[in-house]
Amino acid sequence: MSLSNRNRLAANGHVAGNSAHDARPTVRSIPLDLSAETMATGWQTALTRPPKIRMAMLDWSLAAPGVVSVPLPKVALRTIGYQFPEARTPELPGLEQPAGSTRPVARKTPASKTRIKPPGDLIKLEDRLYYLLQPPLESFVTGGSLHFPFNPFPYQLDGIAFLYPRAHAILADEMGLGKTMQAIATIRLLIHAGELRRVLLVCPKPLVSNWQREFALWAPEIPLNVVAGNQTRRHWQWNQPDALVTIANYELLLRDREVVASPDLHFDLVVLDESQRIKNRNSSTSQVVREISRRRSWALTGTPIENSPEDLVGIFEFLAPGYLRSGMKPRQLRAAVADHLLRRTKDRVLTDLPPKLFRDAHVELTSEQRETYEMAEDEGVVKLSKLGHELTIQHVFELVLRLKQICNFDPTTGASAKMERLLADVEECAASGRKAIVFSQWVETLKQIKHRLARFRPLEYHGQIPSRQREQVIDQFKNDSSSSVILMSYGAGSVGLNLQFCGYVFLFDRWWNPAVEDQAINRAHRIGAAGPVTVTRFLALGTIEERIDQILASKRELFDTVLGGTAPQRLGMTREEVFSLFELQTPKGPIDLAA
Amino acid sequence: MDPSAAKSLPELGFLAVVEHSQHGLFGGYLVLNHGGRPLEFHCTAPVKPNRAQEILYGPTLKPYLYGEQIGKTLLDRAKTLPSVVLTDSPPALALREVIEAPLALIGESDGVLASEAAGPSGALCCFELLGHQAAVEQRFVSDRERLTTLLAPVAQSIDLAEPFFRIREAIEEANRAA
């Protein structure tokens, strides 16, 4: 039996015996074939039916990829651009930098340099960019082709940056801060930039020589055309088309009005020094300067307001007619002039300037002076009272002046309490090798002082000294060590002079207007002052001088309101205040202000 | 000054590109005479690359914008052919590919341009130029000598870093006016 059969049998339990010794097993076969009958039904037929196959063609080919093009064209840029006229420097002798004087360019942070900024009223972008793109001022001073004798103070560079782009400007720095230098340096830069071809500078007559000196120092290559001499000569001078800078005084302007106001005569810039001279719009001086044909107008003054804010309005009639109106409130004025007026005071910008020490020398009149004074005042007041409606401010002034003269010297005996004090002070001053300036408003007073101070070899500088001799007087005072004192009138000596080698200033009598006194004091207390300046203000107690002082001292606010800061009061006295000195009523009718 | 001598003095081009976070890039180009006075000024409207440009130009975007697009456009607008061009924007060194004048990157006098710093297309050659750190691309290393020679006459009159301040001020002013 095959093995498979054996297995089959075993599985069915039909294998008997399992030993080899068993007898052969009996094999019984059981048929396993099962018969199945099927009956035909409908669906069963379907089982035998061949399947029906449907075929469909599928497109398996890939579609072409979508392409997105990103354009990267070269975009045409929009630009704006300007060409500036290249500076055509006039051919000036001495323009070359002196040999060996080249200095390295200052390496400061660009932002910290002094830059010219366009003024607010400059509208055209091209013009604004022209000024913005100018080099910092330090590059001219310390490295450029222009030679400056000294490095200007930072505030002076600020002043130059202020003037440079402006068509209408007031430089109103306190006296002694260098307005002259700032104006000259700016004019020089503008000439070298080709922006100015013809400049007119107008100043008081005594200052003409001072401007000449300052130009020689700060702009030596610029030739000056100083108008002077007879009419024929002056007309010829006015009509010099190639004169870069013409200097004239106010008086000549009036005399040559016909030429000056001619439309044929045109200036790129007109500068008025001591421009308080035109504060009164109705004055001839104001009218004639307004008639000058010009492109730019600058005013220089330490006292833009002397008596009232109207003074400022008057100056602006020259700068920009109609820009300021009469009756504007101080705050309105301040806002309106902010971009056109630059004023700095010494205490703010010259922190290292030697101090200015004030001493009020309050003296008691001598018995002779007192007697004379009281008699004069009593008689004077009675006389004024009798005038009634005929009384004018001139009458009051006459009495004031007479009383003030008595406060200086007794007219009969020559006694003077002030002189005694002055003598002692000048002795001390001369002994220490210092020099002094004595100011008075009267030449006669100065002559009396000269007589008493003869041993100190005093020099005189006032209206009776011819103009051509004045410069010589200043030189002698500066260089002659034996001359310890110079006697000056307020009118002649209060403006423009540089006497910073003087350590003492004496105000023998007081001026109506403290601004004039300040100008006088600042002849000595200015840049270059070697040490402190002592200012002695004489005042006779119990007199008209004391009353005037009190009135002026009470008026320190208006100037500050308009010009800000700690500026000193610059106001003079009003008509009412002058009358109040003697408790007189102000008469009706027009009365000229004299202060 | 003798006019013929003045003519031989260089006219200098200063190129600055200002990045504004909102508006993009503003280019400014100032041409100065030998005394530092302005002869010409040109500036661009803002340029702002789109996203695609940023992606596709990749690291070459800045050199392209600063040099080819802004710098070249501005120099083409100017009437004055400068003797040298100076920039304070490193990517603007790419401009050198398309101009003849020597081009240098200027740093502050007390600043440092790392000698290993790379320009738009390679290493920089750093040197001192009139008291300032300066750099040219290595490929244009001969510019160094040309710059030194051409700028020698203005050594006392021009601070090479300063005009970029003027350009930025002018761009701001132009924007205020726009």
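Chain letters run A, B, ... following the sequence lines, proteins first, then strands; residues in each count from 1.
Contacts with chain A were tallied for E169(B), E68(B), R176(B), K79(B); K79(B) has the most, counting heavy-atom pairs under 4.5 Å. Counting heavy-atom pairs closer than 4.5 Å to chain B, the top residue among T79(A), L129(A), L132(A) is T79(A). Most heavy-atom pairs under 4.5 Å with chain A, from the set C43(B), A174(B), P46(B): that is C43(B). Between chain A and the residues P163(B), G36(B), A52(B), the largest count of heavy-atom pairs under 4.5 Å involves G36(B).
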### Task
Would you sort out whether D159(B) and K113(A) count as a side-chain contact (heavy atoms from CB on, under 4.5 Å), showing the intermediate values?
CA-CA 12 Å; D159(B) 173 354; K113(A) 292 184 175 177; 3.1 Å; yes
Output, in order, the C-alpha distance, side-chain angles, deciding distance and verdict of side-chain contact (heavy atoms from CB on, under 4.5 Å) for F41(B) and F84(A). CA-CA 8 Å; F41(B) 176 73; F84(A) 305 112; 4.0 Å; yes
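Residue-environment remark: CD (Q332(A)) exceeds the threshold of 12 foreign heavy atoms within 6.0 Å. A 6.0 Å sphere centred on CG of L56(B) holds more than 12 heavy atoms belonging to other residues, nucleotides or ligands. Annotation: R295(A), atom CZ; neighbour count of heavy atoms from other residues, nucleotides and ligands within 6.0 Å is above 12. Enclosure of atom CD in E100(B) is not indicated, since only 12 or fewer non-hydrogen atoms of other residues, nucleotides or ligands lie within 6.0 angstrom.
Only the side chain of L125(A) comes within contact range of chain B, with at least one heavy atom under 4.5 Å from a heavy atom of that chain. Residue contact with chain B, scored on non-hydrogen atoms closer than 4.5 Å, involves the backbone and the side chain of I80(A) alike. Contacts of I70(B) with chain A are made by both backbone and side-chain atoms, with heavy-atom separations under 4.5 Å. Only the side chain of A177(B) comes within contact range of chain A, with heavy atoms under 4.5 Å apart. For R128(A), the part lying under 4.5 angstrom from a heavy atom of chain B is the side chain only.
Scanning both residues, R166(B) and R115(A), for their nearest heavy atoms gives CG-NH1, 3.6 Å.
A salt bridge does not link E173(B) with K117(A): none of the charged nitrogens is closer than 4.0 Å to a carboxylate oxygen.
To the nearest 0.5 Å, atoms CG (L77(A)) and NZ (K72(B)) are separated by 12.5 Å.
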